[in-house]
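Read the structure below first, then the notes.
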Amino acid sequence: MRYGLKIAMRYLGASKAQTSLLIAGVAVGVFVFIFMSALIGGLAVFLLQRTVGDIAHVTVEAPSRDAVSLMGEQGDVLLVEQRATNQRTLLRTADAFLPLIEALPGVAATSQQIVGNGFVVRGQARAPVGITGVEPGKVSAIADIDGALISGTTELGNSGVVIGSGLADDLGIGVGQVVRLQSDRDVERTLVVAGIFEIGLDALDSRAAFVTLATARTLFDLPQGVSRIEIKLVDLNAADREARRISAETGLKATPWTEGNAQLLDGLRAQASSGNLIKAFALITIVIGVASALLLSTYRRRPEIGIMRAMGASRLFVIGVFVTQGTLIGLLGGLIGAGLGFLALSPFPVPELAPPGGLPVDVRQGAYDLAIVLTTLGAILASILPARAAARVDPVSVIGQ
Amino acid sequence: MSVLVEVRDLIKTFGEGEAETRVLRGLDLTLETGELSALLGPSGSGKSTLLTILGTLLKPSSGLHTMLGVDLAAARDAELTEFRNRHIGFVFQFHHLLPDFTALENVMFPTAVMAGRETASARTRAAELLERVGLADRMHFLAPKLSGGQKQRVAIARALMNRPELVLADEPTGNLDRDSAEQVMALIGEINSEEETTFLISTHDENIAAHCRRRILVRDGRVEG
């Protein structure tokens, strides 16, 4: 086939302008493919980062303590079950499970939390808050409170509280000022505002207060145990799998972020489908472009093909020459398009660091190898029809011309 | 001399039903090794059809066609392609060189296409042939850069590349001036006598036919006389 390759390359080299245009066309198609992959992938990362980045990827809680029938399968049992409404489910043995969870390879960070509701009281003003008690130094383990801090610090000390900017504005308080935190168990503590953050989520900015676990124990009258363990994963897309694994290894209830975010996932799936459709059109354009150019070449080279056949070239050899041309065009166009795509996308910051309003393209998700492979396969496919047409050229019909 | 090609009761028809045209009507012909023959006849007599059948580019509708003892009428396409490559050379009126290839590459083609690559021995043989036809200094010229006579000499060298037993030439000088035509015929005559290659030359030109030792006249699809 070395000789077939030589002829294919000679043919491509003989019409430099046409070949260059053809390869440029393929490269543009590949560029579109790569850009769409990077854009759709980047958009998904950006959306997930913005919506899921500051929440727990897996939440571990104690299993339900609802009543169950102990009568087994014998006979009919009529059971009226009322779910507990005032009973708190507590992880009493969190300390035992924590090393096991932290040792899992996909786990990036964990945070033991005591959560409950209460009020921030400042003079006559009262504002409802969700109180989260966290371990010292772990305020930012799940949501990046440190990164969103607009004043003060996240060091809580013995009597510090970190609150959102909305809440601070509502109550007219700033860092260093004293507030009273009252829990729904009617326990009250006087705390100093250590820091104010602004994440951009109203639920956190206006309704969240972070205190130490010790403060939360006092407020919610919990001498031991925690409400839950929040987990941040290295890959948030692995949440379902990791939740199942954690649940299997600990016997606890592990809930991935995907539960309760079905609409977001549907949106991302629809977005990915749209991207795939555009990429498919780009590939179809490449196939049609290569097929039409090679068909034209077949027609133009009919006399030469006829002579080759007369001189002893088999039909398979002729097919090989044209399929090799298609392969070279696809491969070259693919490599050039992928190279240009990488160069064009490289200056963009990754979506995790994209500035507000910036284009969230992700250079890592360009699918360069897939683009090259699919384009080469597409070009080979596109060359089969012209190659078969070339192999069918009757030497007798062209010799007299 | 031994029998190289034998055709008996060769019939070739084109089209079907009312459109059917019978071009060869029971043609008989024998070619012996080392012959230099002219194939003569008016237009439409069936010369070109006979030449393409002898060159295995076309199959007869019926009749016997053997060469070197091989029944070519019954052979499959792939077998005919290989047989043609090894045993038959062609020289056409319009030379039909590959335009993107040099004279040397054109001459090498029949060997390279079968071997799958241009071997050193093929390169040597092609260079010798080009020297033989007086084109040693034009070896690396692209085909379009050669004159009409030079192109036809390259075509003759290409036809001889695989040392075929039979060379079929269809009006090989039809597109050349008188001097070039005489040179080409002199070359064919030399090769025929030195290498015993059988030449069958289709022509309308009595001057060309005069170079040949045998005249075969085709009329109405049969060989006369």
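The figures that follow rest on heavy atoms only: side chains count, while hydrogens, waters and symmetry mates do not. The sequence lines fix the lettering, A, B, ..., with proteins before strands; numbering per chain opens at 1.
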> Could you give the distance from CZ (F101(B)) to NZ (K6(A)), rounded to the nearest 0.5 Å?
Replying inline: 6.5 Å

> Would you say F342(A) has more than 12 foreign heavy atoms packed within less than 6.0 Å of its CZ?
Replying inline: no

> Does atom CD of Q18(A) have more than 12 heavy-atom neighbours from other groups under 6.0 Å away?
Replying inline: yes

> Taking everything shown except R117(B) itself, do over 12 heavy atoms lie less than 6.0 Å from its CZ?
Replying inline: no

>> I'd like to know whether CZ of R300(A) has more than 12 heavy-atom contacts from other residues, nucleotides or ligands below 6.0 angstrom.
In response: yes

> Quick one: what part of I7(A) sits under 4.5 Å from any heavy atom of chain B, side chain, backbone, both or neither?
Replying inline: both

>> Can you confirm whether M139(B) is buried at CE, in the sense that more than 12 heavy atoms of other residues, nucleotides or ligands lie under 6.0 Å from that atom?
In response: yes

>> I need the residue from R86(B), E82(B), M114(B), E118(B) with the largest number of non-hydrogen atom pairs under 4.5 Å to chain A.
In response: E118(B)

>> Please classify the contact of F92(B) with chain A as side chain, backbone, both or neither, using a heavy-atom distance under 4.5 Å.
In response: side chain

>> Is there a side-chain contact between T81(B) and F317(A) in this structure, where contact means two heavy atoms from C-beta onward sitting under 4.5 Å apart?
In response: no

> How close do F109(B) and A313(A) get, heavy atom to heavy atom, and via which atoms?
Replying inline: CZ-CB, 4.3 Å

>> Side chains of R84(B) and R309(A), heavy atoms from C-beta outward: is any pair under 4.5 Å?
In response: yes

> Which atoms form the tightest heavy-atom contact between V113(B) and M311(A), and what is the distance?
Replying inline: CG1-O, 4.3 Å

> Sub-3.5 Å donor-acceptor pair from the side chain of D100(B) to the main-chain atoms of Y11(A), do we have one?
Replying inline: no

> Looking only at heavy atoms, what is the nearest atom pair of L57(B) and V396(A), with distance?
Replying inline: O-CG2, 3.5 Å

> Are R10(A) and E105(B) close enough for a salt bridge, meaning some N to O gap below 4.0 Å?
Replying inline: yes

>> Can you confirm whether R245(A) is buried at CZ, in the sense that more than 12 heavy atoms of other residues, nucleotides or ligands lie under 6.0 Å from that atom?
In response: yes

> So do I307(A) and R158(B) actually touch side chain to side chain, heavy atoms under 4.5 Å?
Replying inline: yes

> Taking everything shown except Y299(A) itself, do over 12 heavy atoms lie less than 6.0 Å from its OH?
Replying inline: no

>> With a 4.5 angstrom heavy-atom cut-off, is it the side chain or the backbone of N162(B) that approaches chain A, or both, or neither?
In response: neither

> Got a sec: does the CD of E20(B) have more than 12 other heavy atoms crowding it under 6.0 Å?
Replying inline: yes

> Under 4.5 Å between any side-chain heavy atoms of L98(B) and R301(A), yes or no?
Replying inline: no

>> Heavy-atom cut-off 4.5 Å, strictly under: side chain, backbone, both or neither for A112(B) against chain A?
In response: both

